[in-house]
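See structure below.
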Amino acid sequence: MRAPHEVFGSVMQERYEPAVVEPAAQRDWDSRGAFAVAEDPTRPKYYCLCMFPYPSGRLHMGHVRNYTIGDVLARYMRMQGYNVLQPMGWDAFGLPAENAAMANGVPPARWTYDNIAYMKKQLKSLGFGIDWSREVATCRPEYYRWNQWLFLRMLERGIAYRTTGVVNWDPVDQTVLANEQVIDGRGWRTGAIVEKREIPMYYLRITDHAQDLLDALDRLPGWPERVRLMQENWIGRSEGLEIEFEIEGAAEPLPIYTTRPDTLCGVTYMAVAAEHPLAQRAAEGNPDIQAFLAECQRTGVTEAALETMEKRGMPLGVHAIHPITGGRIPVWVANFVLMGYGTGAVMAVPAHDQRDWEFARRYGLRIHQVIQPADGSLAKLDEGAWVERGTLINSGQFDGLDFDEAFDAYAKLFEAQGRGRRRVNFRLRDWGISRQRYWGCPIPLIHCGACGVQPVPDDQLPVVLPEELVPDGSGNPLARHRAFLDCSCPKCGAPARRETDTMDTFVDSSWYFFRYACADNDRAMVDERARYWLPVDQYIGGIEHAILHLLYSRFWTRVMRELGLTDVAEPFTNLLTQGMVLNEIYYRKPAEGRVAYFNPADVDVQVDETGVRVGAVLRSDGAPVESGGIGTMSKSKNNGVDPQALVERYGADTARLFMMFAAPPEQSLEWSDEGVDGAFRFMKRLWKAVHQHVSAGPAPALDPAALDDGLRALRRQVHETIAKVTDDYGRRRTFNTAIAAVMELMNALGRAETAAPQARAVVQEALDSVVLLLAPVVPHACHALWRALGHEEPVVDARWPVADPAALQRQSVEVVVQVNGKLRGRVTVPVDADASAVQAAALADPNVQRYVEGRELRKFVYVPGKLANLVV
RNA sequence: GCCGGGAUGGCGGAACUGGUAGACGCACCGGACUCAAAAUCCGGCGAUGGCGACAUCGUGAGGGUUCGAUUCCCUCUCCCGGCACCA
C-alpha cells in the first residue's frame with residue numbers, strides 16, 4: 001500500500017479528475033472504517049439521521065438532497081469534536097413492490113432486495129459517511145419481529161384494539177384499494193366505481209396521548225414552527241359541549257358535540273351520517289332514502305374528497321326536540337357528516353356556520369340569527385353566515401350573554417339535568433394499522449374456531465412472511481397460501497387460521513431510529529446502546545412527512561417509554577424539513593390522444609440576444625415543445641434527472657456542491673444543468689488554486705504583525721469567512737450562503753498579489769481554511785487537497801477552524817447616510833466613532849448637504865457601524 | 001374545502017433582530033488568449049431619464065404602521081406540501 005504522500009502531497013496532479021479522486025477517497029475511508037462508530041461516554045454524541053428511503057429502484061434527486069444535507073451536518077459536527085452516528089436503512093415494505101410484481105411477475109421480495117443492492121451502491125458512490133454496520137431493512141424478519149412483539153404488548157395493555165373501519169372497495173377486483181389507487185372515484189385497474197366498505201381492523205390508541213402530543217410540541221424548540229403548527233392543527237383540540245337531543249318516538253336521545261353552544265337556539269335542523277342508526281332505520285320502507293344512502297356508499301373515504309364534494313342531504317321524516325325551546329327540528333341525513341367523527345350527528349346553525357348556511361340555502365331550511373356582533377353592527381345573513389363570536393339574541397333567558405357566559409350557562413343547565421356535559425374533543429383519530437395486503441409485516445394473531453382471536457406466543461415470533469408470493473391485484477395472496485394460513489391454536493391446539501392482514505408501513509418507520517443503535521441484537525428490541533444514542537439530535541427529511549410519520553413516531557416512542565424500553569420523551573430533538581426538487585416540464589399535446597412529456601435533458605431552450613427565453617425545441621426532431629412550467633421531479637411528468645448520470649459525468653462532489661448551493665435546504669430547489677456546470681467550474685478553480693500554491697513549495701510561517709494593509713484585509717476576510725460559515729452551518733443551516741462566502745474568499749484570493757513570503761503564508765492559511773470549511777460539502781476533493789496542503793491527518797478527523805478575534809479587528813467602517821430614509825451618501829468613520837461624530841461626518845458629505853441645506857434637522861438616527869438617517 | 005408554506009433582475013437565490021435591495025452563481029454582452037473553436041482569464045449586467053455627477057421607479061396585487069418595510073399588520077391573486085391505505 002502506498003503512503004498518502006506518494007499519492008498526493010507534492011506530486012498532486014494538476015488536473016481535477018473526480019473519477020480518480022473520489023474512488024481513492026472512498027477506498028481510504030473504507031479501509032480505515034472511518035464512519036463506523038461505537039458508544040463513547042467520554043465524548044458528546046451526535047445522532048444525525050436522515051429519513052430512510054423507500055427502495056424504489058434508483059435514488060432520485062430528493063434522496064441526494066436529503067442525504068447531502070445530513071452528511072454535511074454529520075461531517076461538520078464530527079469536525080467539531082462530536083461522536084457522530086449517521087446510519088442508513090430501508091423502508092422496505094409497501095405498495096410499489098406489489099405494483100412492480102403485478103407488472104413484471106417478480107416477487108416483491110426479490111424486486112425489493114435487488115433495489116436495495118443497487119441503491120446502496122449509489123449511496124456509496126455519493127460519498128456519504130454512513131456506518132453501514134447498522135443497516136436495517138424493515139422487510140427482514142430480524143426487524144419486523146419487534147413490530148409484532150410490541151404490537152402484542154399493546155394488545156395486552158389495551159393500547160391496540162379491534163373495531164370496524166371504512167375502506168375503499170373495488171367490487172370488480174374484490175380488493176381493498178389505497179387512496180392513491182382511487183382515481184376520480186374509480187378503481188385504477190378496473191375503472192369500477194369504488195364503494196365504501198366496513199371491515200374489522202386493529203387500531204392503536206394514539207388519542208390517549210393526544211393531549212401530551214399537543215403539550216409537548218412546546219418543548220420542541222428545535223422543530224420548525226410550521227411543523228409544530230401543522231401537528232397542533234392536526235391534533236385539533238377543542239372544548240365544547242356534548243348535548244343530547246330527544247328524538248320524537250324514540251327512546252334513545254341523539255347526542256351531538258358542538259364547540260359553539262352559544263348558538264344552540266339557532267339550531268334549525270340536525271344532520272346525521274348515512275351509516276347512523278337513525279338514517280338506517282328511516283330507510284327501511286323508504287326507497288328514496290335507501291337510494292340516497294346507497295349513493296353515499298359510492299364516495300371516496302378521503303377527507304379532501306368529502307370536503308370538496310357537493311353537500312347534499314335528505315330529510316328523514318324524523319324530528320328532534322330542541323332542548324331549550326322544545327320546538328320540533330327536522331333530522332336530515334347528509335353526505336358530509338361522518339360516522340367516524342364524534343357521534344356521527346351534528347346540530348346545524350345556518351345563521352352562524354357557513355357550511356350549514358349553504359346547506360340551508362340549498363334546501364330552503366330556516367336561518368335563525370341568535371348571535372349579533374358585539375359592537376351592535378348588523379350581520380348580513382343573506383350574504384353568508386356570521387361566524388364570529390358576539391352577543392346572544394333570540395335566546396330567551398340567555399339573551400345578552402357573550403360566548404363564555406353562554407357556554408357556562410348552557411353547560412351548568414345541561415349538567416344539572418343530566419342531558420349534556422363539557423367535553424374536550426380531538427380531531428385526531430386512532431391509528432388504524434391493518435392493511436389487506438401481502439407485502440407488509442404480518443399481524444401476529446391466530447383465528448381459532450373455538451377460542452376466537454389468539455395472540456401468537458412470543459416464543460413463536462416472528463411470524464415470517466413468505467417471500468416467494470406474487471400478488472395479482474385481486475386480494476391478498478396470503479389468504480390463498482396454505483403454508484402460511486394453516487396453524488394450530490396456541491390455546492387449545494386445534495387447527496386454526498393465521499391472520500392475513502399486515503401492518504401499515506408507518507409502523508415500520510415509527511421506531512427504526514431506535515433499531516439503528518442495536519441492529520444486531522436478536523434477543524431484544526432495544527438495549528443499552530439505544531440509551532446512549534437516543535434521542536436523535538438532528539432529523540432531516542421531506543416536509544411531506546410533517547404530520548403523519550412524525551406524529552406516529554412520537555406516539556410509538558411514548559408507548560416504548562411506558563413499557564420501560566426507553567427514557568426518551570421525544571424522539572427527534574431537532575428537525576430540518578427539506579424542500580422538493582423541481583425541474584422544467586415540457587410536453588406536446590397532440591390533436592388526439594395523450595399528452596407526451598419530454599425530459600428536459602432532451603430539450604434545447606432558445607434564448608434571444610439578451611438571454612430571455614423565447615421557446616424550446618426537442619433536440620431529436622428540432623420541432624417546438626410547450627413549456628409546462630416547473631414541477632416536482634416525477635415519472636408522470638418525465639422530468640427527473642438521474643443522479644447516477646450526474647455522478648458519472650461530474651463526480652459526486654459537484655452534485656453535492658450544486659444541491660447545497662442552489663437553494664437553502666428548507667426551500668424547493670430548481671434543477672439547472674447550467675448551475676451544475678458552474679459548480680464544476682468552481683471545483684476546478686479550487687483545485688487549481690491549491691495546485692498552484694503547493695507547486696511553489698512550502699509556505700513560510702505566518703507572522704500577523706508583519707502584514708501590510710492589503711494582506712491584513714485579506715486575512716481578515718479569511719477569518720470573517722470562517723465565522724460566517726461556522727454560523728451558517730451550525731446555527732442557520734443555510735449552506736448556500738456559506739458556500740457563497742467561500743466563493744467570495746476564493747475570488748479575493750485570486751485577485752491578491754501572492755508572490756511575497758508573507759503573502760504565501762496568508763494564502764496557506766486561507767487555503768487550509770477553505771478546504772476545512774468545504775470538507776463537509778465536497779469531502780472527496782477536500783480529502784485530497786488537505787493532504788496536498790501538507791497535512792498528515794485526514795480531513796474528516798481535522799478540527800473545525802476557529803476565527804481569530806485579532807484578525808477580525810478593523811480600524812474604520814463605512815456608514816451609509818440617508819436623508820429622510822433615502823440613501824444620499826456614504827462616509828468612512830473610525831469604528832468607535834460616536835453618534836455626534838458620525839452626524840458631523842455625514843453633514844460634511846456634499847451630496848448629503850444638497851438635501852439638508854436650508855432645512856431644519858428634526859431627528860438623527862444612528863445604527864452603529866451601519867447607517868445614519870437625517871430627518872429634515 | 002380545511003391546515004401549513006411560498007412569490008425578490010432574463011434565471012436560481014442574498015439581504016440573519018425593521019436599517020445600503022439584488023451578495024454568490026447561472027445566462028447574456030464586451031474584451032484578452034488562440035490560425036480557429038473549446039477551455040480559461042478580465043470587465044459589464046434591475047428599469048427609465050441623463051454625456052456625467054446623479055435622479056426617479058422597483059421585492060406577486062392593493063392598502064396601513066414607521067424617520068426607514070422584501071422584513072410587521074389587513075385584504076386579495078397565483079403556486080407548492082398535507083388531509084389519516086403513496087411513502
Side-chain angles (χ1 to χ4, degrees), chain A residues 51 53-54 56 91 94-96 165 167-168 176-182 224-227 229-230 232-234 236 301-309 311 336 355 428-429 431-432 434-437 504-506 509 542-549 551-552 577 579-580 582 607-613 629-632 658 661-664 666-679 681-682 684-685 688 727-728 731-732 734 736-737 739-744 747 750 814-823 826 847 858-861 863 866-872:
Chain A
M51 289 182 186
Y54 179 80
S56 55
D91 189 11
L95 210 47
V167 294
N168 302 302
V176 176
L177 298 179
N179 285 333
E180 86 162 355
Q181 297 173 317
V182 179
E225 179 64 31
R226 70 169 193 266
V227 175
L229 244 182
M230 281 191 261
E232 185 181 325
N233 291 334
W234 185 264
V301 298
T302 70
E303 191 185 288
L306 294 167
E307 291 279 339
T308 49
M309 75 187 173
K311 307 290 182 292
F336 58 85
R355 189 175 64 183
L428 180 69
R429 310 198 297 258
W431 175 13
S434 297
R435 297 291 180 270
Q436 297 69 43
R437 288 187 219 302
D504 180 6
T505 56
F506 275 125
S509 57
I543 182 68
E544 67 273 19
H545 296 291
I547 296 176
L548 291 179
H549 161 61
L551 196 64
Y552 291 148
T577 49
M580 307 267 145
L582 315 177
V607 294
D608 68 11
E609 64 285 350
T610 60
V612 180
R613 305 172 57 133
I630 306 267
T632 321
F658 168 72
F661 178 64
E666 306 228 286
Q667 275 180 40
S668 58
L669 179 147
E670 227 175 278
W671 190 256
S672 156
D673 287 328
E674 294 77 20
V676 176
D677 278 330
R681 274 201 289 274
F682 177 77
K684 286 192 284 191
R685 273 203 298 276
K688 200 163 111 185
D727 189 45
D728 282 354
R731 178 181 65 90
R732 296 211 307 151
T734 53
N736 55 328
T737 53
I739 294 164
V742 175
M743 285 175 169
E744 280 187 80
N747 291 344
E814 190 183 67
V815 170
V816 298
V817 183
Q818 296 180 336
V819 179
N820 287 348
K822 280 190 186 287
L823 180 64
R826 332 169 162 257
N847 199 44
R858 300 240 310 264
K859 192 170 169 184
F860 180 74
V861 181
V863 181
K866 278 200 154 171
L867 173 142
N869 189 11
L870 301 145
V871 185
V872 296

task: Find the distance A:Gln818:CD to B:A69:P and express it as a whole number of Å.
output: 9 Å
query: Distance between the C1' atoms of B:G22 and B:G12, in whole angstroms?
result: 13 Å
- prompt: Are any of the side-chain heavy atoms of A:Thr577 and A:Glu666 separated by less than 4.5 Å?
  reply: yes
Stepwise side chain to side chain contact (heavy atoms under 4.5 Å, CB included) check, A:Leu823 with A:Val816: CA-CA 7 Å; A:Leu823 180 64; A:Val816 298; 3.7 Å; yes
field: Close side-chain approach of A:Phe661 to A:Met743, heavy-atom, < 4.5 Å
entry: yes
message: Using the C1' atom as the point on both nucleotides, what is the distance between B:G18 and B:G10, in whole Å?
response: 31 Å
Side chain A:Arg681 and base B:U40 donor-acceptor under 3.5 Å: no
task: Could you check whether A:Phe682 gets within reach of a base, just the sugar-phosphate, or nothing at all, counting any heavy atom under 4.0 Å?
output: nothing
query: Under 4.0 Å between a side-chain N/O of A:Thr505 and OP1 or OP2 of B:A87, yes or no?
result: yes
query: For atom P, what is the distance between B:C72 and B:A23, given to the nearest Å?
result: 23 Å
- prompt: Quick one: does A:Val227's side chain get under 4.5 Å of A:Ile543's, heavy atoms only?
  reply: yes
message: By nearest atom, which of the nucleotides B:G19, B:A39, B:C83 is closest to the A:Asn869 side chain?
response: B:G19
field: Euclidean distance for C1', B:C26 against B:G13 (whole angstrom)
entry: 10 Å
- prompt: Which nucleotide in the set B:C41, B:G12, B:A87 lies at the smallest distance from any side-chain heavy atom of A:Tyr54?
  reply: B:A87
Distance, rounded to the nearest Å, where A:Leu428 contributes CG and B:G82 contributes C1': 15 Å
message: If you apply the rule side chain to side chain contact (heavy atoms under 4.5 Å, CB included), what do you find for A:Tyr54 with A:Thr505, and how did you get there?
response: CA-CA 10 Å; A:Tyr54 179 80; A:Thr505 56; over 6 Å; no
task: Determine the interatomic distance between C1' on B:G62 and the same-named atom on B:U48; round to the nearest Å.
output: 24 Å
query: Out of B:A23, B:G19, B:A84, which nucleotide sits closest to the side chain of A:Val861?
result: B:G19
task: Could you tell me whether A:Arg685 contacts a base, only the sugar-phosphate backbone, or nothing, with contacts defined as non-hydrogen atoms closer than 4.0 Å?
output: sugar-phosphate
field: Residue-phosphate contact under 4.0 Å: A:Lys866 side-chain N/O, B:A15 OP1/OP2
entry: no
- line: Looking only at B:G19, B:G4, B:A27, the nucleotide nearest the A:Glu674 side chain is B:A27
query: The side chain of A:Trp234 lies closest to which of these nucleotides: B:C83, B:G4, B:C67?
result: B:C83
field: Among B:A39, B:C67, B:A87, the nucleotide that comes nearest once only the side chain of A:Lys684 is considered
entry: B:A39
field: Donor-acceptor contact present, side-chain A:Gln667 to main-chain A:Pro664, <3.5 Å
entry: no
message: Within the structure provided, determine whether A:Phe860 and A:Leu870 are in side-chain contact (heavy-atom separation under 4.5 Å).
response: yes
task: Give one of base, sugar-phosphate or nothing for A:Val167, where a contact means two heavy atoms less than 4.0 Å apart.
output: base
- request: Have a look at A:Asn847 and say if it touches a base, only the backbone sugar-phosphate, or nothing, with a 4.0 Å heavy-atom cut-off.
  value: sugar-phosphate
task: Report the distance from atom CZ of A:Arg355 to atom C1' of B:C2, rounded to the nearest whole Å.
output: 11 Å
statement: The nucleotide from B:U20, B:A84, B:A14 with an atom nearest the side chain of A:Asn736 is B:A14
message: In terms of relative ring orientation, are A:Phe658 and A:Trp671 parallel, tilted or perpendicular, with 30° and 60° separating the classes?
response: perpendicular
query: Does a side-chain heavy-atom distance below 4.5 Å link A:Phe506 with A:Leu551?
result: no
statement: Walking RNA chain B from its 5' end, the first of A:Arg732 and A:Glu814 to be reached, judged by nearest nucleotide, is A:Arg732
task: Ignoring the backbone of A:Thr737, work out which of B:A15, B:G13, B:C57 is nearest its side chain.
output: B:A15
message: Any heavy-atom pair between the side chains of A:Trp234 and A:Leu548 that's under 4.5 Å?
response: yes
- prompt: Over how many whole Å does the gap from A:Leu669 atom CG to B:G25 atom C1' extend?
  reply: 13 Å
Beyond-backbone contact of A:Met580 with A:Glu544, side-chain heavy atoms, under 4.5 angstrom: yes
message: Let me check I have this right: for RNA chain B, each base becomes ., (, ), [, ] or |, based on Watson-Crick or G-U pairs with both distances under 3.5 Å. What is the full string?
response: (((((((..(((......[....))).(((((.......))))).((((....))))..(((((..]....))))))))))))....
query: Whole Å only: how far is the CG atom of A:Leu551 from the C1' atom of B:G82?
result: 13 Å
- request: Select base, sugar-phosphate, or nothing to describe what A:Pro664 touches, counting heavy atoms under 4.0 Å on all strands.
  value: sugar-phosphate
- request: Would you mind calling B:G9 syn or anti? Take O4'-C1'-N9-C4 for purines or O4'-C1'-N1-C2 for pyrimidines, and syn is within 90° of 0.
  value: syn
- request: Assess whether one donor atom and one acceptor atom, taken from the side chain of A:Arg858 and the base of B:C67, lie less than 3.5 Å apart.
  value: no
message: From CG of A:Asn233 over to C1' of B:C83, roughly how many Å is that when rounded to an integer?
response: 12 Å
- request: Give one of base, sugar-phosphate or nothing for A:Gln181, where a contact means two heavy atoms less than 4.0 Å apart.
  value: nothing
- prompt: Side-chain N or O of A:Gln667 less than 4.0 angstrom from OP1 or OP2 on B:G13?
  reply: yes
- prompt: With rounding to whole Å, what would you report as the distance between B:G30 and B:C80 at their C1' atoms?
  reply: 40 Å
- request: Whole angstrom is fine here: how far is it from CG in A:Leu870 over to P in B:G19?
  value: 19 Å
Provide a list of protein-nucleic acid N or O atom pairs under 3.5 angstrom, restricted to nucleotides 72-81 of chain B.
none

- prompt: OP1, OP2 of B:C67 versus side-chain N and O of A:Asn820: anything below 4.0 Å?
  reply: no
task: Mind checking A:Leu867 for me? I need base, sugar-phosphate or nothing, with any heavy atom below 4.0 Å counting as a touch.
output: base
task: Report yes if the side chains of A:Gln818 and A:Leu867 come closer than 4.5 Å at any heavy-atom pair, otherwise no.
output: yes
Interatomic distance at P, B:A37 relative to B:A53, whole Å: 34 Å
query: A:Arg429 side chain: which of B:A84, B:U40, B:A23 is closest?
result: B:A84
query: Which part of the nucleic acid, if any, lies within contact of A:Val182, taking any heavy atom under 4.0 Å across all strands shown: a base, the sugar-phosphate backbone alone, or nothing?
result: nothing
- request: For A:Ala546, report the nucleic acid contact type (base, sugar-phosphate, nothing); a contact means any heavy atom under 4.0 Å.
  value: nothing
message: Using a 4.0 Å heavy-atom cut-off, does A:Glu303 contact any base of the nucleic acid, only the sugar-phosphate backbone, or nothing at all?
response: base
message: Donor-acceptor pair, distance only, cut-off 3.5 Å: does the side chain of A:Asn820 make one with the backbone of A:Val872?
response: yes
message: Run A:Leu177 and A:Gln436 through side chain to side chain contact (heavy atoms under 4.5 Å, CB included) and show every step you take.
response: CA-CA 9 Å; A:Leu177 298 179; A:Gln436 297 69 43; over 6 Å; no
- prompt: RNA chain B: A:Ala679 or A:Lys688, which has the more 5' nearest nucleotide?
  reply: A:Ala679
- request: For A:Asn747, report the nucleic acid contact type (base, sugar-phosphate, nothing); a contact means any heavy atom under 4.0 Å.
  value: sugar-phosphate
